Amino acid sequence: MNKILLFLFLTLLSSCSDQDDVYVNKPLDFEVPSNFPDLAYNIALNPPTEKGFELGKKLFYDGRLSSDGLVSCGFCHIQENAFTHHGHTFSHGVGDNIGTRNTPPIQNLGYQTAFMYDGATMHLDLQPIIPLTSAIEMNGDLTTIVAMMKADKTYQKLFQQAFTDGTINTENMLKALSQFMLMVTSSNSKFDKYRRNETGGTLTSEESTGYALFNAKCASCHATDLMTDNSYRNNGLAVNPQINDVGRFRVTQVATDYYKFKVPSLRNVEKTAPYMHDGRFGTLESVLNHYASGIVNGATLDPILKQNGNLGIPLSDAQKTQLIAFLKTLTDNQYLTDKRFSEY
C-alpha cells in the first residue's frame with residue numbers, strides 16, 4: 001500500500017513539474033494614446049507578449065551581447081535619462097571606444113518610420129543590428145551571440161515560452177528586442193495630460209505662452225504630440241572639421257542630403273542633455289541661442305531657417321524662458337521610473 005501511495009505521489013509531483021514548464025504566453029496590452037498618431041510599426045507581425053517582452057528586456061541589459069561581455073544596450077541607454085547616456089557628448093563602447101554621435105533616447109519607437117540620426121535603417125526589428133555589430137559600440141558577433149544564448153538555460157526557457165517555434169536565432173532575438181522597445185512608451189507627461197484634458201494637465205501661464213510660441217516657431221519640424229515629423233533637416237550647425245559627419249548623405253549619397261539629420265523628438269528633452277547629434281550643446285538655453293543667433297548658412301540649410309534674408313528663429317530672452325518652461329512639461333516621470341523597463 002505504501003509503495004502505491006509513493007508511486008502516486010511521485011507521479012503527481014512529476015506532473016506538476018511538467019505543468020510548471022508549460023507556460024501559456026499572454027499578449028501584452030498595447031494601446032495607442034488618444035493624442036498620438038497611428039502606430040507605424042506593424043504590430044500584427046510581432047505582437048508583444050509577456051515572455052517576448054521579458055526576453056527582450058533581458059537581451060537589452062545583457063553585456064554578453066558585446067565582445068567584452070560588459071557593454072549592453074542599457075549601458076548607453078539609461079532609463080532615468082530617457083534611455084540616453086546623460087552627460088556624454090558621444091556614445092561609448094567596448095574597449096573605451098568613443099563614437100561620433102550622441103546617444104539618442106528610446107521612446108515611442110513604434111511610431112517612427114526610420115532610425116538612427118541618418119535613417120540608416122527603416123525597420124525597428126533591424127535597428128539593433130547596427131550597434132550590436134559596430135566595432136566602436138558593442139562589436140558583437142551574431143553567431144557568437146546565438147551560441148551564448150543556446151548554452152544559457154534562462155534563454156533556452158524564455159525563447160521556448162516567447163515564440164511558437166521556440167527557436168534561438170537572430171530573427172527571434174531581434175523580434176524580442178523590438179517587443180521590449182515597442183513597449184517603452186512615453187505618453188504621460190504634464191503635456192499629455194493637458195492634451196487629453198486629464199487631471200494634472202493644467203499649464204501655468206508661462207507654460208501656456210511657451211506652448212503658443214512652440215506652435216508658432218518650432219512645431220513645423222517637431223510636429224504632432226510625438227514632437228517630431230521624422231524628417232531629415234540641416235539645422236545650421238557649424239560642421240565639426242575633425243569628424244565631418246555628413247548625416248543623411250552617408251546613407252543616400254544624394255548631395256541635397258549633406259549635413260541633414262533626423263529631427264529628434266523633444267519628449268523628455270529636459271533629461272537628455274547634451275543636445276544635437278554630436279552633443280555640442282549642454283543646455284536647452286544653448287540650443288535656443290543657436291536657433292536665435294547661431295545658424296550657419298549652407299547649401300542644404302533648411303529653408304525654414306532662412307526666410308526673408310534672415311537666418312534663424314527670432315527669440316527674445318523672455319521667449320526663450322517661456323519655451324523652456326513649456327519643454328519641461330514634456331518630461332514623463334512615469335516613463336522615467338517605470339519598473340517594467342528597468343534592469344532590476
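Please read all numbers here as calculations on a predicted model, not as lab measurements.
Each of Leu70 and Phe75 belongs to its own hydrophobic cluster when Ile, Leu, Val, Met, Phe, Trp and Tyr are linked at side-chain heavy-atom distances under 4.5 angstrom. At a threshold of 4.5 Å between side-chain heavy atoms, the hydrophobic network of Ile, Leu, Val, Met, Phe, Trp and Tyr places Phe249 and Tyr232 in two separate groups. The cluster map of Ile, Leu, Val, Met, Phe, Trp and Tyr, joined by side-chain heavy atoms under 4.5 Å apart, puts Tyr117 and Met181 in different clusters. Under a hydrophobic-cluster definition in which Ile, Leu, Val, Met, Phe, Trp and Tyr are linked whenever side-chain heavy atoms come within less than 4.5 Å, directly or via other members, Ile313 and Phe281 are assigned to the same cluster. When hydrophobic clusters are built by joining Ile, Leu, Val, Met, Phe, Trp and Tyr residues whose side-chain heavy atoms come closer than 4.5 Å, directly or via intermediates, Met276 is not grouped with Tyr258.
Remark: Gln307 CD is packed, more than 12 non-hydrogen atoms of other residues, nucleotides or ligands lying under 6.0 Å away. Within a 6.0 Å radius of CZ in Phe214, other residues, nucleotides and ligands contribute more than 12 heavy atoms. Other residues, nucleotides and ligands contribute only 12 or fewer heavy atoms inside 6.0 Å of the NZ atom of Lys328. Within a 6.0 Å sphere centred on CD of Gln253, heavy atoms belonging to other residues, nucleotides or ligands number more than 12. Shown here is Glu285, whose CD atom has more than 12 heavy atoms of other residues, nucleotides or ligands within 6.0 Å.
Heavy atoms only, all atoms of each residue included: Gly87 and Pro274 are closest at N-CD, 3.7 Å. Scanning all heavy atoms of the two residues, the minimum distance from Ser178 to Asn46 falls at CB-ND2, 3.8 Å. Closest approach of Met149 to Tyr155, counting heavy atoms only: O-CB, 3.4 Å. When every heavy atom of Tyr291 is checked against every heavy atom of Leu305, the shortest pair comes out as CD2-CD2, 4.1 Å. Minimum interatomic distance between Lys262 and Ala114 (heavy atoms only, all atoms of both residues): CE-O, 3.0 Å. What you find for Thr167 and Phe159 is that their closest heavy atoms are O-CD2, 3.3 Å.
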- Task: In sequence, state the C-alpha distance, the side-chain angles, and the governing distance for Phe191 and Tyr211, and then conclude on ring-ring contact (aromatic ring centres under 6.0 Å, His included).
- Result: CA-CA 10 Å; Phe191 172 72; Tyr211 183 37; 5.4 Å; yes

- Hey, mind stepping through Cys221 and Ile304 against side chain to side chain contact (heavy atoms under 4.5 Å, CB included) and telling me if it holds? CA-CA 9 Å; Cys221 298; Ile304 291 175; 4.1 Å; yes

- Item | Worked verdict on Phe115 versus Leu126 for side chain to side chain contact (heavy atoms under 4.5 Å, CB included) | CA-CA 9 Å; Phe115 306 90; Leu126 301 178; over 6 Å; no

- Item | Residues Phe90, His85; criterion ring-ring contact (aromatic ring centres under 6.0 Å, His included); working and verdict | CA-CA 8 Å; Phe90 299 125; His85 209 184; over 10 Å; no

- Message: For Leu55 and Phe163: C-alpha separation, side-chain torsions, deciding distance, then whether side chain to side chain contact (heavy atoms under 4.5 Å, CB included) applies.
- Response: CA-CA 10 Å; Leu55 173 58; Phe163 296 102; 3.8 Å; yes

- Message: Determine whether Met148 and Leu65 satisfy the following criterion, side chain to side chain contact (heavy atoms under 4.5 Å, CB included), listing intermediate values before the conclusion.
- Response: CA-CA 9 Å; Met148 177 275 291; Leu65 272 61; 3.9 Å; yes

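With a 4.5 Å cut-off on side-chain heavy atoms, Glu137 and Val71 do not count as touching. With contacts defined as side-chain heavy-atom distances shorter than 4.5 Å, the pair Lys320/Leu323 does not qualify. When side chains are defined from C-beta on, Ile78 does not count as touching Phe83, because their heavy atoms never get closer than 4.5 Å. Asp62 is not listed as a side-chain neighbour of Leu59, based on a closest heavy-atom distance of 4.5 Å or more. Asp192 places a side-chain heavy atom less than 4.5 Å from the side chain of Phe36. Side-chain contact between Lys260 and Thr252: absent, with no pair of heavy atoms (C-beta onward) separated by less than 4.5 Å. Val251 places none of its side-chain heavy atoms less than 4.5 Å from the side chain of Asp257. Side chains of Val254 and Arg248 form no contact here, defined as non-hydrogen atoms less than 4.5 Å apart.
Rounded to the nearest 0.5 angstrom, Asn234 CG and Thr256 OG1 are separated by 11.5 Å. A distance of 13.5 Å separates CG in Leu301 from OH in Tyr259, rounded to the nearest 0.5 Å. Between the CG atom of Leu266 and the NE2 atom of His222 there is a distance of 4.0 Å, given to the nearest 0.5 Å. Between the CE atom of Met138 and the OG atom of Ser91 there is a distance of 12.0 Å, given to the nearest 0.5 Å. Rounding to the nearest 0.5 Å gives a distance of 11.5 Å between CG of Leu330 and NZ of Lys190. Separating the CD1 atom in Ile106 from the CG atom in Asn268 is a distance of 12.5 Å, to the nearest 0.5 Å.
Ring centroids of His123 and Tyr41 are separated by less than 6.0 Å, placing the two rings close together.
In this structure a side-chain-to-backbone donor-acceptor pair under 3.5 Å is present from Tyr275 to Val269. A side-chain donor-acceptor contact under 3.5 Å links Gln79 to the backbone of Asp338. A donor-acceptor pair is defined here as one N or O able to donate and one able to accept, closer than 3.5 Å; no such pair exists between the side chain of Glu50 and the backbone of Pro27. When atom types are taken as modelled, the side chain of Glu206 and the backbone of Ala325 share no donor-acceptor pair closer than 3.5 angstrom. The backbone N or O of Lys51 lies less than 3.5 Å from a partner atom in the side chain of Asn25, making a donor-acceptor pair. Under the 3.5 Å distance criterion, the side-chain polar atoms of Gln179 are matched with a main-chain donor or acceptor of Thr49. Checking side-chain atoms of Arg280 against main-chain N and O of Ala238 turns up a donor-acceptor pair under 3.5 Å. Without hydrogens or angle criteria, Lys271 side chain to Asp332 main chain gives no donor-acceptor distance under 3.5 Å. At distances below 3.5 Å, not a single donor-acceptor pair connects side-chain atoms of Asn230 with backbone N or O atoms of Gln112. Proximity of a side-chain donor or acceptor of Ser208 to a complementary backbone N or O of Leu203 within less than 3.5 Å is not detected.
At a threshold of 4.0 Å, the pair Arg196-Asp225 does not count as salt-bridged, since none of the basic side-chain nitrogens sits closer than that to a carboxylate oxygen. Under the 4.0 Å criterion applied to side-chain N and carboxylate O atoms, Glu54 and Lys58 are not assigned as salt-bridge partners.
Annotation: side-chain hydrogen bond (donor to acceptor under 3.5 Å, both in side chains) contacts involving residues 93-103, sequence neighbours excluded, comprise Arg101-Asp118, Arg101-Asp245.
Checked against side chain to side chain donor-acceptor pair (under 3.5 Å), Thr329 has no partners two or more places apart in sequence or in another chain.
Taking the six-membered ring where the residue is Trp, Phe60 and Phe180 present tilted rings, their angle falling between 30° and 60°.
Using modelled atom types, one finds no donor on one side chain facing an acceptor on the other under 3.5 Å when comparing Ser265 with Asn108.
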